[in-house]
Amino acid sequence: MIYFDNAATTLQKPECVLWAVIEAMGTFGNPGRGVHEPAMAASRAVYDARCALAQLFHGENPARIAFTANATEALNIAIKGILNPGDHVITTAMEHNSVLRPLYELEDRGAELTILPADDRGRIDYNAISASIRDNTRAIVCTHGSNLTGNLLDIGKIGAIAKAHGLLFVVDASQTAGVFPIDVQKMGIDILCFTGHKGLLGPQGTGGLYVREGVDVRPLLTGGSGVQSHSKTHPAQMPTALEAGTLNAHRLAGLNAAVPWLLETGIDTLRQKELDLMWAFYEGVREIPEITVYGDFSARERCPIVSLNVRDYDSAQVSDALFSQFGIATRPGAHCAPLMHDALGTGSRGGVRFSFSHYNTMEEIKIAIAALREIAREE
Amino acid sequence: MIRKQERVVFTFHTTTDAMAAEIQCKDLGGRMIPVPGEITADCGLAWCAEPQLEEVLRSALNTAGIPVQGVYRLMI
């Protein structure tokens, strides 16, 4: 089997991640709910994971990293925790539903929403950001990289616009955390939402958000915190403020192994390999006349993603043929990015997404190109 | 029976602060304990050490920028 669905989740994790989870499952107590050794072992692993992520993202300190079950939960906390009825918020057509649906929900409750359009290659006009700012604009919420085309947004540039206008800047780093360098302080990011199971190479069920010092986020959940138990209100201090209930320490132990592995191996080294694979695949498929590739390929630095269609075939049929006949795993359909598909003109049939990771090989790329030639020839 | 001795106890706002404190304090002396009931019937973590270590621990926590909720002298 050849696995090219790494934008959904990376399949192969470093071995240290697997062992860390297994060891945690057999030894951890409840993190932050006791002082005996099993509880302390869990608390230390969770704290170490915060430290590693704060280092990776250049956060001020580990307490600014709160853990969630996934990026969707982090984005819901961020979006619903900073916006109020009457606020105006700017986002883009590149977004995943984990950004769009919370924003639509707030729009129904009285917030104002501007969605910057994408062109037929999935690009947005940066000048439109400043032009969209109103007196009541509170925040810009956007992805760092499209999960459909792989194109990046220049979050440093958008962060500077946000700072110049006194706006909060929320970034969805689902496709880029652990792949691209992210410096929350230099890039002017107020809240960075991430998932643990894609580029960070950790287990599913892990994710979180960085919140800049001084930014208050209303919690989505309140409840058990392990501290200040006689207070009627949930603790206001980060990260406890955004972490009601027992954390997923078993899986966070895996993330705590994955992030140091990434830091030691070097995300630049891994990304260059992924980009070599992606570009070889792109060069191979763009020459096939029956194939349409989507997105902007004018810059080398992009997420290692190529989405395409073959002839006028339905993307689900092509993806199914790739797996059932050639053992190649891809992702068809809408990819939870409806506005991006509308911009690309693929709203009705979706696209077939190939997404690569560092453990894929050039041999696999050649097999996939040959498989697509075969499928394209079938008619 | 539980033998009581005078101790200095540092409390923290969050478990995260307590874990950061453990890293700073573990080589200086003391250990993590449940927050004593004399302070609050909470379920949090506190750093407990011999009284003469108070200043060196305060200084270490302050240098590391770890917020301390309170410092107590207790017979525990």
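Below, each value reflects all heavy atoms present in this structure, side chains not excepted, and no hydrogens, waters or symmetry copies. Residue numbers start from 1 in every chain, and the chains themselves are labelled A, B, ... in the order their sequence lines are given, proteins ahead of strands.
Summarising the geometry of Thr14(B) relative to Met238(A), their closest heavy-atom pair is CG2-O, 4.0 Å, with the distance given to 0.1 Å.
If you tally non-hydrogen atom pairs under 4.5 Å between each of Ser231(A), Ala63(A), Ala241(A), Ser43(A) and chain B, the highest count goes to Ser43(A). The most heavy-atom pairs under 4.5 Å with chain B, out of Pro235(A), Ala39(A), Pro239(A), come from Pro239(A).
The shortest distance between side-chain heavy atoms of Val227(A) and Thr15(B) falls below 4.5 Å.
Surrounding CD of Gln52(B) are more than 12 heavy atoms belonging to other residues, nucleotides or ligands, all under 6.0 Å away. Counting non-hydrogen atoms of other residues, nucleotides and ligands closer than 6.0 Å to CG of Asp268(A) gives a total above 12. Atom CD of Glu15(A) is surrounded by 12 or fewer heavy atoms from other residues, nucleotides or ligands within 6.0 Å. Dense packing is recorded around NZ of Lys163(A), with more than 12 heavy atoms of other residues, nucleotides or ligands lying under 6.0 Å away.
Contact annotation for Arg50(A): only side-chain heavy atoms (C-beta onward) come within less than 4.5 Å of a heavy atom of chain B.
Judged as a side-chain hydrogen bond (donor to acceptor under 3.5 Å, both in side chains), the pairs with a partner in residues 21-30 of chain A (not counting sequence neighbours) are, in order, Asn30(A)-Thr246(A). Residue pairs meeting the side-chain hydrogen bond (donor to acceptor under 3.5 Å, both in side chains) criterion with at least one member in residues 198-207 of chain A, sequence neighbours excluded: Thr9(A)-Gln204(A).
Atom CG in Asp17(B) sits 8.5 Å away from atom CG in Asn61(A) (nearest 0.5 Å).
Taking Gln237(A) as the reference, Gln228(A), His13(B) meet the side-chain hydrogen bond (donor to acceptor under 3.5 Å, both in side chains) condition, with sequence neighbours excluded.
Interface residues of residues 19-32 of chain B toward chain A, defined by a heavy-atom distance below 4.5 Å and sorted by number: Met19(B), Ala20(B), Glu22(B), Ile23(B), Met32(B).
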